[in-house]
Amino acid sequence: MKRIKISELLETKGQNQEVKAMGWVRTKRGSKNVAFLALNDGSSIKNIQVVIDFDKISIDLLENVHSGASVAVVGKLVPSQGKGQSVEIEADTLELLGKADPDSFPIQPKKHSLEFLRENAHLRFRTNLFGAITRIRHAMIFGVHKFFNDKGFYNIHTPIITASDAEGAGEMFRVTTLDLNNLPRNEAKEIDYKQDFFGRSSHLTVSGQLEAELAALAMAEVYTFGPTFRAENSNTVRHLAEFWMIEPEMAFYDIHDDMDLAEEMLQYLVKYALDNCKDDLEFLHERRTKENSQKPQNERDALELIDRLNFVVENKFVRLTYTEAIDILKNSKPNKKKQFQYPVEGWGTDLQSEHERYLVEKHFKKPVILIDYPKDIKAFYMKLNDDDKTVRAMDVLFPQIGEIIGGSQREENLEKLQKRMSEMNIPEDEMWWYMDTRKFGTVPHSGFGLGFERLMLFVTGMSNIRDVIPFPRTPKNAEF
RNA sequence: UCCUCCUUCGCUCAGCGGGUUAGAGCACCUGACUGUUAAUCAGGGGGUCCUUGGUUCGAGUCCAAGAGGGGGAGCCA
């Protein structure tokens, strides 16, 4: 007999038809004549109730059925006599597939701390919370590809191992097959990477952008969606050493087209979650609301989760220049009252996260896109404005997350690019292939990077990035 | 990397200003209960109080170092 997914069973009318369900027991409740199993198979946040009548099934069979055990049930799908569900299965046979010894199985039908579940990341999929996050994560991945496919973008697999360490997006993980106990040296006593696997020094990618640019300057509109690695010693709720990044790159787009695309994409993806993950979002909404009610008034969310998502879908993002932002911040109450840890003094320094949070959460109360940053605090490939002081960079700032997107119009003029590279000590000879696109048929083009897990934080309302990726990689942690 | 807090049965947490046999809820086991909704009620078992060293007549409690973890900051997506 063929198994039917629980999500499908829950949508079906109970008409005494014989069905088979397989899954993991969430809870077991019993009384003298009858027992109830809440069964889950990952297809939905909802469980199906299995009714065990001791006249039909021996009570001994239930001896090893505890939370976490896997079972196969064959029985009749009937309308439920109880209140919490519309249908249930009256079991005719119950087969224990795998027991879960309650003395050692760590996931119990109760609230666990997120820290505890992180240490049990191999089993945390078995909880309502991580089931919901996992389904939403899948939907968002699918939504990303659908968005770009519908717009005629091509997906490009950019390399995960790269030999260019010129980009400066962050510290890199070295990739090598050299014997670390016996490193080959050249005449200058330096490590001789000529003898390494690729014949040169190589690393895990920190961004697919440069390669995506190469593709965009032929295919016009492309995007990458792949793993990205940063060997920075960042210990925060917003950083991972291994994360997934979405990087579109578009020929013939200027910075304004770039911002339009970023805004459209974020709204599309949030709406995609609202439309496709209703049950899971409602669960997360409830959870966050409960959590909120236990916080002091001034730390509570202004909007509840689903309202916050709707708000982003329905409202235009605010756009302003870095210079305008500095003016607002300089004249802001917290700055005058010296409540910022880093006072806003002059033009030219980067904004601290407290400043970004003030703009988004207090001043505008909307997502904000900042443009035209000072050139000295941004990367070499960003297009210089006519003022010679600022570049056509844009950052999208979100409530509670901070920077969710960083992007720019790229410098397409060869001479200007070379000048910036020499100013910033980027070796041109390693980047000959990048320069070639500016030599041959260069065009204005733009792109941005979206940290997928940061989007997941926003959509799920979770507060730690380690909880929105199945197996987080952070400093001192690569378990599982 | 810096600042700060935490580590007590399987889980979540109490534990006073050092002083008898270290507590509770959940889970587990036993029993009760006419179909329960993280069922309920009664009883039971379960602890190298993170590790090492120190102070003390006496340390879960105080001090030091180490390990692991949380939160904040920096770097960024």
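All figures in this text were calculated on a predicted structure; none of them were measured in a lab. Here is the naming used below: chain letters follow the sequence lines, and residue numbers restart at 1 for every chain.
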Please report whether the ring centroid of A:Tyr434 lies less than 6.0 Å from that of A:Tyr381.
no
What residues 60-86 of chain A contributes to the RNA chain B interface at heavy-atom separation below 4.0 Å is A:His66, A:Ser80, A:Gln81, A:Gly82, A:Lys83, A:Gly84, A:Gln85
Rounded to whole Å, please give me the gap between CG in A:Asn120 and C1' in B:A27.
15 Å
When rounded to the nearest Å, what value does the distance between C1' atoms of B:A59 and B:C16 take?
15 Å
Side-chain donor-acceptor distances from residues 34-54 of chain A under 3.5 Å, at least two apart:
residue: A:Asn40; atom: OD1; partner: A:Gly42; partner atom: N; Å: 2.7
residue: A:Asn40; atom: ND2; partner: A:Ser44; partner atom: O; Å: 3.2
residue: A:Asn40; atom: ND2; partner: A:Asn47; partner atom: OD1; Å: 2.9
residue: A:Asp41; atom: OD1; partner: A:Ser43; partner atom: N; Å: 3.0
residue: A:Asp41; atom: OD1; partner: A:Ser43; partner atom: OG; Å: 2.5
residue: A:Asp41; atom: OD2; partner: A:Arg3; partner atom: NH2; Å: 3.2
residue: A:Asp41; atom: OD2; partner: A:Ile6; partner atom: N; Å: 2.9
residue: A:Ser43; atom: OG; partner: A:Ser7; partner atom: N; Å: 2.9
residue: A:Ser43; atom: OG; partner: A:Ser7; partner atom: OG; Å: 3.4
residue: A:Ser44; atom: OG; partner: A:Lys46; partner atom: N; Å: 2.8
residue: A:Gln49; atom: OE1; partner: A:Arg29; partner atom: NH2; Å: 3.1
residue: A:Gln49; atom: NE2; partner: A:Glu88; partner atom: OE1; Å: 3.1
residue: A:Asp53; atom: OD1; partner: A:Asp55; partner atom: N; Å: 3.0

Return yes when atom NZ of A:Lys56 has more than 12 non-hydrogen atoms of other residues, nucleotides or ligands closer than 6.0 Å, and no otherwise.
yes
Whole-Å distance between B:C33 P and A:Lys32 NZ?
4 Å
Under a 3.5 Å cutoff on both atom distances, Watson-Crick or G-U, what's the dot-bracket for RNA chain B ([ ] crossing, | other strand)?
(((((((..((((.....[...)))).(((((.......))))).....(((((..]....))))))))))))....
Centroid-centroid distance, A:Phe130 to A:Phe125, less than 6.0 Å
no
Please list, chain by chain and in numerical order, all residues satisfying side-chain hydrogen bond (donor to acceptor under 3.5 Å, both in side chains) with A:Thr321, sequence neighbours excluded.
A:Glu324
Among residues at least two apart in sequence or on other chains, which ones pass side-chain hydrogen bond (donor to acceptor under 3.5 Å, both in side chains) with A:Lys271?
A:Asp275
Mind checking what makes side-chain hydrogen bond (donor to acceptor under 3.5 Å, both in side chains) contact with A:Arg466, not counting sequence neighbours?
none
For A:Phe243 and B:A77, is the gap between ring centres under 5.5 Å while the planes differ by less than 30°?
yes
A:Ile107 CD1 to B:G10 P, straight-line distance once rounded to whole Å
16 Å
Quick check: A:Tyr223 with A:His145 (ring centres under 6.0 Å apart)?
yes
